[in-house]
Amino acid sequence: MRVLHVISTLAHGGAEHQLRLLVRRLPHDCEVVTLTRPAAAAAALRAEGTTVHELDAGRGAATVDRLRRLIRRGHFDVVHTHLYRGCVQGRFAARLAGTRHVVATAHHLSDKSVEDRRATAGVRALYLAGERLGRTTIAVSPAVAGQLRTWGVPETRIAVIPQAVDVAEFRYDPALRAAARTQLGIAPGTPVVGGVGRLAHGEGFDRLIRAIGEAPEATLLLVGDGPARVALERLAAIEGVADRVRFTGAVPHLREMLCAMDVFASPARAPTVGLVVLEALAAGLPALYATCPPLEELAAARRAVDGTHRLSPRDPESLSRALRTELLSHQERHGARLPSRTAGDRYSAAGMAAAVSRVYDRVAGR
């Protein structure tokens with residue numbers, strides 16, 4: 001089966017990385033087209049042998065027409081779209097090209113946003129108009145599927161396929177750990193608590209900064225960037241821990257930073273896919289989390305993953321208490337790393353590719 005993946009951008013992002021994991025494992029002849037100038041992810045895809053097309057044609061009808069011609073020329077059996085612009089323009093172009101086997105992946109949908117845009121009435125209407133031109137929309141989480149249902153997308157057009165982790169990509173490497181710590185100015189024996197994500201209000205990083213104040217032996221490593229960074233830096237100074245908090249900004253790949261950490265904490269209480277927590281487990285870290293659906297599902301089935309602890313939403317002290325406990329455990333292990341763990345095949349890259357391939361077979365009538 002020939003499959004064309006249409007994506008808005010190939011920069012460093014979660015959707016772009018998931019596309020790489022998918023294309024690498026699908027048992028089909030896949031090509032990728034980006035609607036903006038190619039970036040690092042495009043180079044990585046090409047290095048792995050995937051054909052990447054560039055359609056930096058601006059917005060509107062010109063891009064749709066170029067996509068239409070590309071789809072016809074390539075005789076693609078399935079068109080799979082990703083991110084807002086890729087989904088809207090890709091689905092319209094596929095219909096104009098006569099390709100009815102169209103699949104989309106919805107990564108980030110909520111009452112406030114549609115992928116990377118504010119969920120204005122116009123943005124949502126255009127997204128849903130394109131959705132009706134496809135056959136199936138893959139939701140990366142039950143929360144995204146629920147939003148699609150709220151917007152009126154029929155259950156029969158929705159498939160829930162979680163985002164995936166390639167455990168090998170996050171394998172612990174002591175050499176990477178040493179290099180990262182040297183770069184960040186962290187002494188070899190210092191325990192490091194890590195947090196990863198967008199530095200925005202409501203993500204819980206303020207609680208993490210306050211909690212590190214109760215662990216005077218530890219350094220806090222915050223990986224990511226966002227509008228709350230200045231406020232968080234100011235809070236670290238107010239709490240008297242500025243010398244023990246490192247802000248790295250955005251990084252191309254998390255592996256080196258995860259290797260530098262000893263305990264991982266994800267304090268965000270808002271609904272999330274929880275992928276970064278699974279990446280921390282793959283890197284051999286104990287993980288404290290407020291929300292992580294994959295781990296919550298396993299815990300409910302009495303198959304909790306070792307070295308994980310869910311923070312109580314009703315106990316404001318649960319983060320500080322759990323952090324002290326994990327740092328003590330780290331000391332008792334003499335700094336030894338935990339084994340790499342997973343949340344099961346459902347969240348593996350191979351499992352994701354197999355599930356997506358079954359969707360292709362269904363929409364193509366095979």
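As the structure is a computational prediction, the values presented were derived from the model and not from experiment.
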Evaluation steps, side chain to side chain contact (heavy atoms under 4.5 Å, CB included), between Cys259 and Glu256: CA-CA 5 Å; Cys259 286; Glu256 189 175 11; 5.7 Å; no
State, with a plain yes or no, whether a side-chain heavy atom of Val33 is found less than 4.5 Å away from one of Leu4. yes
Whether Arg20 and Asp166 form a salt bridge (side-chain N of Lys/Arg under 4.0 Å from carboxylate O of Asp/Glu) is what I want to check. no
Is the shortest side-chain heavy-atom distance between Leu126 and Tyr84 below 4.5 Å? yes
Are the side chains of Leu128 and Arg132 in contact, using a 4.5 Å heavy-atom criterion? yes
Val140 reachable from Val153 in the ILVMFWY side-chain graph, under 4.5 Å edges: yes
Hey, does the side chain of Arg124 reach the backbone of Ala119 with a donor-acceptor pair shorter than 3.5 angstrom? no
So, for Pro267 and Gly204, which heavy atoms are closest and what is the spacing to 0.1 Å? CG-O, 3.3 Å
Here the pair of heavy atoms bringing Ala139 nearest to Ile158 is CB-CG2, 4.4 Å
Heavy atoms only: give me the nearest Met257-Val251 pair and the separation to one decimal. CG-CG1, 4.3 Å
Would you confirm whether Arg346, through its side chain, and Pro162, through its main-chain N or O, come within 3.5 Å as a donor-acceptor pair? no
Side chains of Leu285 and Arg337, heavy atoms from C-beta outward: is any pair under 4.5 Å? yes
Electrostatic pair Arg177:Asp262 at N-O distance under 4.0 angstrom: yes
Mind checking whether Leu133 and Phe92 have side chains closer than 4.5 Å, heavy atoms only? yes
If only atom types and distance count, is the side chain of Thr99 paired as donor or acceptor with the main-chain N or O of His101 below 3.5 Å? no
Flag if over 12 foreign heavy atoms under 6.0 Å of CG, Asp29: yes
Please give me the minimum heavy-atom distance between Leu208 and Ala265, naming the atom from each residue. CD1-CB, 3.8 Å
Hey, does the side chain of Arg269 reach the backbone of Gly202 with a donor-acceptor pair shorter than 3.5 angstrom? no
Leu55 backbone acceptor or donor facing Arg66 side chain under 3.5 Å: no
Is it the case that Ser113 and His108 place a side-chain donor and acceptor less than 3.5 Å from each other? no
Tell me whether the rings of His80 and His5 are parallel (<30°), tilted (30 to 60°) or perpendicular (>60°). tilted
Are Leu22 and Ile138 in one and the same hydrophobic cluster, where Ile, Leu, Val, Met, Phe, Trp and Tyr link if side-chain heavy atoms are under 4.5 Å apart? yes
State whether Asp361 and Arg358 are salt-bridged, where the test is any N-O pair (Lys NZ or Arg NE/NH1/NH2 against Asp/Glu carboxylate O) under 4.0 Å. no
Validation row: Leu21, Glu169 side chains within 4.5 angstrom (heavy atoms): yes
Could you go step by step and tell me if Gln18 and Thr105 meet the side chain to side chain contact (heavy atoms under 4.5 Å, CB included) rule? CA-CA 10 Å; Gln18 290 295 307; Thr105 294; over 6 Å; no
Judged by atom type as modelled, is there a donor-acceptor pair below 3.5 Å linking the side chain of Ser357 to the main-chain atoms of Ala353? no
Pairing of Glu131 and Arg91 as salt bridge, 4.0 angstrom limit: no
Could you measure the distance from the CH2 atom of Trp151 to the OG1 atom of Thr137? Nearest 0.5 Å is fine. 11.0 Å
Is the side chain of Ser8 donor-acceptor paired with the backbone N or O of Gly86 at a distance under 3.5 Å, no angle test? yes
Would you call the rings of His28 and Tyr360 parallel, tilted or perpendicular, where under 30° means parallel and over 60° means perpendicular? tilted
Less than 4.5 Å apart, side chain to side chain, heavy atoms only: is that true for Gln147 and Asp111? yes
Can you tell me if Glu296 has over 12 outside heavy atoms packed within less than 6.0 Å of its CD? yes
CG-NE2 distance between Leu258 and His253, expressed to the nearest 0.5 angstrom: 9.0 Å
Val160 and Ala145 have their tightest heavy-atom pair at CG2-CB, 3.6 Å
Using the side chain to side chain contact (heavy atoms under 4.5 Å, CB included) definition, which of the options Val6, Val79, Thr81 pairs with Leu67? Val6
So, taking the atom named CD in Glu115 and the one named NE2 in His107, what distance separates them when rounded to the nearest 0.5 Å? 6.0 Å
Take atom CZ in Arg324; do more than 12 heavy atoms of anything else shown fall under 6.0 Å from it? yes
Indicate if Val223 and Phe170 have the same hydrophobic cluster label, given that clusters are the connected sets of ILVMFWY residues with side-chain heavy-atom separations under 4.5 angstrom. yes
Separation between CZ (Phe76) and CE (Met1), nearest 0.5 Å, reads 13.5 Å
Using 0.5 Å steps for rounding, measure from the CD atom of Glu317 to the CG atom of Leu323. 12.0 Å
Met261 with Leu220, same ILVMFWY side-chain cluster at under 4.5 Å: no
Applying side chain to side chain contact (heavy atoms under 4.5 Å, CB included), run through Val3 and Leu26 and close with a yes or a no. CA-CA 10 Å; Val3 182; Leu26 281 172; 5.5 Å; no
Does Arg181 use its side chain to pair, donor to acceptor, with the backbone of Ala187 at less than 3.5 Å? yes
Backbone N or O of Gly224 within a donor-acceptor pair of the Arg198 side chain at under 3.5 Å? no
Which atoms form the tightest heavy-atom contact between Tyr172 and Ala283, and what is the distance? CB-O, 3.8 Å
Any link between Ile212 and Tyr289 through a network of hydrophobic side chains (Ile, Leu, Val, Met, Phe, Trp, Tyr) touching at under 4.5 Å? no
Is the number of heavy atoms from other residues, nucleotides or ligands within 6.0 Å of CG (Asp306) greater than 12? no
One pair to check against side chain to side chain contact (heavy atoms under 4.5 Å, CB included): His309 and Thr325. What are the steps and the verdict? CA-CA 11 Å; His309 178 86; Thr325 299; over 6 Å; no
Measure the spacing between CD of Gln183 and CG of Leu176 and express it to the nearest 0.5 Å. 11.0 Å
Does any N or O in the side chain of Arg246 come within less than 3.5 Å of the main-chain N or O of Gly185, such that one atom is a donor and the other an acceptor? yes
Any heavy-atom pair between the side chains of Leu278 and Leu295 that's under 4.5 Å? yes
